[in-house]
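First the structure, in the form of C-alpha cells, and then the observations on it.
All chains are named by letter (A, B, ...) in the order of the sequence lines, taking the proteins before the strands, and each is independently numbered beginning at 1.
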Amino acid sequence: MADLSVSLGKLRLSNPVLVASGTFGYGEDYQDLVSLKRLGALVTKTITLKKREGNPAPRIVETYQGMLNSIGLENPGFKGFVETQLPFMRKIGIPVIVSISADKAVQFARLARALSRTAGVAAIELNISCPNLGKKGLIAQDARSVYKVVKATRRATKLPIITKLSPNVTDIGAIAKAAGKGGSDIISLVNTYFAMAVDVQTRTPKLGSISGGLSGPAIKPQALWMVRQAYKAVKIPIIGMGGIMNAQDALEFIVCGASAIAVGTATFVDPQSATKIIAGIESYLEEKRIPNLKKVIGSLKDGK
Amino acid sequence: MPKIIQKKLKILENKKVGAEYCRMKILAPQIVQKASPGQFMHLRCNDEVEPLLRRPFSFHRFHSDSFEIFYKVIGRGTKLLAKKQKGDTIDVLAPLGNGFELERTTNDETRTTILVAGGMGVAPLLALAEGLIKNGLKAEKAVVLLGARSAKHIFCVDDFKRLGVKLYIATDDGSRGHKGLVTELLERILRKVNRKSKITNDERRITIYACGPKAMLKAITILNRKQPDVSCFGSLEENMACGVGACLGCAIETVDGYKRVCKEGPVFDLKDIKW
C-alpha cells in the first residue's frame, strides 16, 4: 500500500484530499452519503464573529462547465458554530479546519484566539478572498493587507494558519510571499473567480447580488497555473484547488506543487468525489510503483 | 439507516408525453420505502461535466418498487434525460427535503383539501393526491385545480378523475375549462366552501397544497391572508447545487430568515414566505 500521508508544516493528514470551505457545510449534511472519516480533512463553511444572513436569491447559477455562487458567507456566527456544528465534527475523527472571515485584522485575531481555546480545531483557514461581500477590493488583492491580517492572526494563535488566496490578482507570487512573511504556515488557492451571468430576455443579472464567484472544471487550467506560480514563489506548503473533478485533476495540482488538494464543486455533482479521488490517487501510485505520495509533490518536469 | 441514498438505478420506462414532455419510471425499491409526496430527488443527467450540476425533480408517482418523474424537455439537462432508454442507468440522490404533511388533512370529516397546480406544478401533486387518499382522505373532500397555458399543457386529468376527486381546469387561452388563472378558480371554490361550512377563526378548515410558478404561489399567499381559516402549503423552487443542505445556494427569504429549499423545504407554509 502506497503512503498517502502528507505533512503541511505541523498539520498532518492521512491523505491529501480535503473538502473545500463552503461546499461541505459542517459535514453533517453529507453523513449519509460520504465516509467522512476517510477524508484528509474537512474545511468548514466560513464562520464570522457574528451570525450572517447571506445574500439574496438566486445564489447559484450554472454556467458552461462551472457554476457561479454568491452565498455571502451565511453562517451562525462563532458561538452558534461552536454550539451547534462543532460537536458533530469532533466525533468524525479527522482534522477539522475552521474557515474564518472578518473585515479587519483585529477581528481575525479575535476569532483565531477564540478558536485556539476551543477543542477539536486542527487549523484555521483565513478566508480573505470571498468575492461575495460587496466590498471594493479583497484583502487577498493587497499584499500589505494580507501581511497585516496574517501577522495579527499569527500573534493570536499557535494553531496552523492556512491563508486562502484569490485568483483575482495580478501577481499571485507577491501575495503568497506576503502571507508567508506574515507567518502563514500554509496557503490555499484558488478561491473563486469574480464572474457574472445575464438573462438577456430581461437584461437582468442572473444572480441576486449581481456578481459571484466562478468555480468548477471551467477554471481548472487557470487555477493550476496559479498554484504553479505560487509554488515557485514560496517555500510554505500549498493546498491546491479549483475545478478538481477526479484523481487525474488532483494529481495535476500535486505535480505542480500542491502538498494537498481540496475538492469543492465536484462534491455537488457526486457527493463521493473526494473519496473516489483518494482511491484514484492510491491506484496511480501503485500503478507507477511510487511508494510515497511526497515524491510526486512538485515533481513537474518542466526543464527548470 | 441512512435517510438519503445515492445510487445508480435502472430506468424502466422513459416515454414522451406530447411534444415537449416526458415521463420516466425508475426502479428504486429502497427509495420508494422512504420517500413521501413533496420530497424530491437530485438526478445526474450524464457522466460528463457538461451540464455540470444535478437536476432536481419531484416524485410524480409512487409504485410498489419504482417511482415516476414527469418533466418538460426544456434545457441541456432535460434534453439528455429525454434521450435515456429503458434499461439505462441513472445516478439518483434521494429522497431529499421535507414533503407535504399528509396527516394534516386526513381523518377529519369537516375539512376540505384543495390541490392547486400551475403548469408543471402538477408533477408532485399527483403523488400527493394519491398519498392523501391512500392515507384515508375521502375523495369527495378533495378538490384539484389544474391550470396551464392551454389544453395541450393540461396533464393527469384521467389520473385525478380515477381517484374520484372534484376536478376543475383553467387555461390562459380558454381552450379548456375556465378561461383565466387557476387562482381565479381557487377564489371561487373558497367562496363556495366557506358558505357551506360554519367556520370559526381559530379553526383552519381548509388546506391548500400548491405547486407552480412563483407568481401563482404569491397570488395564493395573498389570497390566504384574507382567509384566516385556510392553511396553505406550497412547494417552492430555487436554483440548487448540492441538494442536501450543505451549500446554502437554494436559500429563500422567510419571516424567520433565509431557509434552504432543499432542506427545510421544498414544501413551506406559504404565509412564512417573503415574496
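- Among A:Gly72, A:Pro56, A:Gly208, A:Gly27, the residue making the largest number of heavy-atom pairs under 4.5 Å with chain B is A:Pro56.
- The greatest number of non-hydrogen atom pairs below 4.5 Å with chain A, out of B:Pro51, B:Ala241, B:Cys250, is found for B:Ala241.
- The shortest non-hydrogen separation linking B:Tyr258 to A:Gly54 is CE1-O, 3.7 Å.
- Remark: side-chain polar atoms of A:Asp32 are paired, donor with acceptor, to backbone N or O of B:Lys3 under 3.5 angstrom.
- In this structure, B:Leu52 and A:Gly216 approach most closely via the heavy-atom pair CD2-CA, 4.5 Å.
- When heavy atoms are compared at a cutoff of 4.5 Å, A:Tyr30 approaches chain B solely by way of its side chain, counted from C-beta outward.
- For a residue to count as touching a neighbouring chain, one of its non-hydrogen atoms must lie under 4.5 Å from one of that chain's; by this rule A:Ser70 does not touch chain B.
- Within a 6.0 Å radius of CD in B:Glu20, other residues, nucleotides and ligands contribute more than 12 heavy atoms.
- For the options A:Thr23, A:Asn69, A:Asn55, A:Thr267, heavy-atom pairs under 4.5 Å to chain B are most numerous at A:Asn55.
- Rounded to the nearest 0.5 Å, atoms CG (B:Leu53) and CD1 (A:Ile60) are 7.5 Å apart.
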Practice prompt. Would you check, one step at a time, whether the test salt bridge (Lys or Arg N to Asp or Glu O under 4.0 Å) holds for A:Glu62 with B:Arg54?
Written response: CA-CA 10 Å; A:Glu62 187 182 55; B:Arg54 286 172 178 267; over 6 Å; no
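- Heavy-atom pairs under 4.5 Å with chain B peak, among A:Phe24, A:Tyr26, A:Tyr64, at A:Tyr64.
- For B:Gln6 and A:Asp270, the side-chain atoms include at least one donor-acceptor pair closer than 3.5 Å.
- Note on A:Lys206, A:Glu53, A:Gln31: by heavy-atom pairs under 4.5 Å with chain B, the leading option is A:Glu53.
- In this structure, chain B has no heavy atom under 4.5 Å from any part of A:Glu28.
- Looking at B:Leu93, the atoms closer than 4.5 Å to chain A (heavy atoms on both sides) all sit in the side chain, from C-beta outward.
- Ranked by heavy-atom pairs under 4.5 Å with chain B, the first of A:Met67, A:Met245, A:Arg59 is A:Arg59.
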